[in-house]
Amino acid sequence: MRAAVITALTGPDAVEVQERPEPVPESHQVLIDVEYAGVAFPDVLQTRGLYQRRPDLPFTPGWEVSGVVRADAGGFRAGDRVAAMPITGGLAESVAVDGHMVFPLPDGLPLDKAAALPLNYLTAHFALTRRAQLRRDETVLVHGAAGGLGTAACQLAAACGARVIAVVSTPEKGEVARAAGAHDVVPVDGFRDEVRRLTGGVGVHVIVDPVGGDRFTDSLRSLAREGRLLVLGFTGGEIPTVKVNRLLLTNTSVLGVASAEFWSDEPDHPGRQWRELVPLIESGAIDPPIGPVFPLEDAAGAIRELDERRAAGRVLIRTRS
């Protein structure tokens with residue numbers, strides 16, 4: 001089969017498409033013929049050895065896929081349409097995935113949309129419902145709101161009955177965030193003052209932050225009393241520090257969101273989350289915006305799209321022509 005392979009830790013240009021042996025599924029795995037694979041920021045980090053999961057070189061990245069089950073396994077039948085999270089190995093024509101990370105698709109859901117769902121929507125769901133304990137009528141601020149995780153957070157927060165304020169870097173990305181359910185859109189520069197204005201000085205109850213970097217302090221200052229700041233990553237490149245006296249004085253919290261580690265400890269949890277998401281998928285309340293779609297031959301270009309911050313909507317790879 002063809003697969004995208006990271007051959008060196010020098011960035012997206014080190015990704016090559018090669019002929020690799022087809023995976024042989026273990027007894028607890030499901031073999032999937034992949035139609036689409038989602039490209040996520042951890043894939044970018046893995047091309048430089050900067051992600052906490054560091055498989056030995058060479059290896060195939062790829063967190064999430066959609067496709068068709070090849071043979072009966074794990075409660076699935078040959079021909080079933082599924083989405084799945086292999087964590088690694090997804091940027092290939094076929095992948096073997098642990099059964100608890102394979103999810104049945106609602107009728108009519110296109111496979112490109114399906115590939116954009118598992119990682120970001122299950123992560124956003126875990127962040128908002130499990131970690132932040134989001135309540136109806138609270139206000140949620142989303143950084144990086146036009147990206148894959150950002151749009152997922154906007155849609156899920158809005159579906160939970162929250163008011164959503166999106167932080168974006170360009171007007172074009174603002175339109176993506178609005179289409180994903182954001183009620184208000186503010187630019188990165190000066191977002192703290194805009195939050196103060198939009199909330200009448202109260203602040204926001206929950207902040208979704210996959211960016212980190214130099215905006216972190218102003219995020220803390222934008223929290224309402226008993227607000228919660230969710231740390232989901234550091235696409236800004238810098239890991240910020242917290243002066244905990246601010247948390248003490250304002251009764252606020254900074255919460256880590258390590259969904260993959262949690263799923264490893266509780267393997268049944270992703271399936272329970274998926275069952276909660278299915279009615280929202282069927283109703284259209286969550287609908288991943290699709291950005292550029294690359295052929296497998298240009299997997300390096302797809303990863304570079306995220307690395308260079310050009311993406312608005314989900315970047316996908318079509319593995320089969």
Side-chain angles (χ1 to χ4, degrees), residues 1-7 15-40 42-43 46 53 55-123 259-260 263-264 266-275 277-278 281 288 293-297 299 302-303 314-321:
M1 69 171 186
R2 295 178 307 149
V5 179
I6 296 176
T7 59
V15 176
E16 300 177 2
V17 175
Q18 301 177 354
E19 290 290 331
R20 306 287 286 181
E22 280 204 337
V24 177
E26 299 180 18
S27 60
H28 63 283
Q29 292 183 315
V30 178
L31 182 61
I32 299 169
D33 289 327
V34 178
E35 292 288 342
Y36 290 92
V39 182
D43 298 321
Q46 284 187 317
R53 294 171 181 263
D56 294 335
L57 293 174
F59 72 95
T60 295
W63 276 75
E64 57 186 347
V65 302
S66 66
V68 178
V69 174
R70 184 183 298 183
D72 295 1
F76 293 92
R77 302 296 299 272
D80 283 351
R81 300 165 66 253
V82 295
M85 273 198 297
I87 309 299
T88 56
L91 302 190
E93 290 181 317
S94 299
V95 64
V97 186
D98 292 350
H100 67 274
M101 287 294 202
V102 182
F103 313 107
L105 298 184
D107 292 339
L109 180 67
L111 285 174
D112 59 345
K113 297 278 187 179
L117 285 168
L119 176 60
N120 287 324
Y121 283 84
L122 290 175
T123 296
S259 52
W263 296 329
S264 178
E266 295 198 20
D268 291 338
H269 196 73
R272 293 196 296 270
Q273 290 183 262
W274 186 262
R275 288 190 288 274
L277 292 181
V278 165
I281 298 169
V293 180
F294 290 76
L296 181 60
E297 289 77 7
I303 297 173
R314 285 307 311 277
V315 177
L316 301 180
I317 288 175
R318 179 81 187 255
T319 61
R320 297 169 186 268
S321 57

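The figures that follow rest on heavy atoms only: side chains count, while hydrogens, waters and symmetry mates do not.
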For this session: Indicate yes or no: at least one non-hydrogen side-chain atom of Ile32 is less than 4.5 angstrom from one of Val102.
Result: yes
Exercise. For Ala116 and Glu64, which heavy atoms make the closest approach, and how far apart are they?
Worked result: C-OE1, 4.2 Å
Exercise. Do other residues, nucleotides or ligands put more than 12 heavy atoms under 6.0 Å from the CZ atom of Arg272?
Worked result: yes
Exercise. Phe103 and Leu117: side-chain contact (heavy atoms from CB on, under 4.5 Å), yes or no, with the steps?
Worked result: CA-CA 10 Å; Phe103 313 107; Leu117 285 168; over 6 Å; no
Problem set entry | Main-chain N/O of Ala3 paired to Arg20 side chain as donor or acceptor, under 3.5 Å | no
Problem set entry | Nearest heavy atoms of Gln29 and Ala96, plus distance in Å | OE1-CB, 3.7 Å
Problem set entry | Nearest non-hydrogen partners of Gly99 and Val30, listed with the distance | CA-CG2, 4.2 Å
Exercise. Does the side chain of Leu119 reach to within under 4.5 Å of the side chain of Met85, using non-hydrogen atoms?
Worked result: yes
Exercise. Looking at CZ of Arg314 and CG of Asn120, how far apart are the two atoms once the value is rounded to the nearest 0.5 Å?
Worked result: 4.5 Å
Exercise. What pair of heavy atoms forms the shortest contact from Ala115 to Pro118, and how long is it?
Worked result: O-CD, 3.8 Å
Problem set entry | Backbone of Met1 reached by a side-chain donor or acceptor of Glu93 within 3.5 Å | no
Problem set entry | Asp72 CG to Leu31 CG distance, which is reported to the nearest 0.5 Å | 12.0 Å
Problem set entry | Closest non-hydrogen atom pair, Gly38 against Leu316 | CA-CD2, 3.8 Å
Exercise. So, Arg70 versus Ser94: side-chain donor-acceptor pair below 3.5 Å or not?
Worked result: yes
Seminar exercise, completed: Taken to the nearest 0.5 Å, the spacing of Ile317 CD1 from Glu35 CD works out to 14.0 Å
For this session: Can you see which heavy atom on Pro58 is nearest to which on Val5, and at what distance?
Result: CB-CG1, 3.4 Å
Problem set entry | Flag side-chain contact, heavy atom, 4.5 Å: Ile281 against Trp274 | yes
Exercise. Could you state the interatomic distance from CE (Met101) to CH2 (Trp263), rounded to the nearest 0.5 Å?
Worked result: 6.0 Å
Exercise. Any donor and acceptor pair, going by atom type alone, linking the side chain of Ser66 with main-chain N or O of Leu111 inside 3.5 Å?
Worked result: yes
Seminar exercise, completed: Rounded to the nearest 0.5 Å, the CZ atom of Arg2 sits from the CG atom of Leu91 at a distance of 12.0 Å
Seminar exercise, completed: Which of Arg318, Arg320, Lys113 passes side-chain hydrogen bond (donor to acceptor under 3.5 Å, both in side chains) with Tyr36? Answer is Arg318
Seminar exercise, completed: dist Ile6:CD1 -> Asp43:CG (nearest 0.5 Å) comes out at 7.0 Å
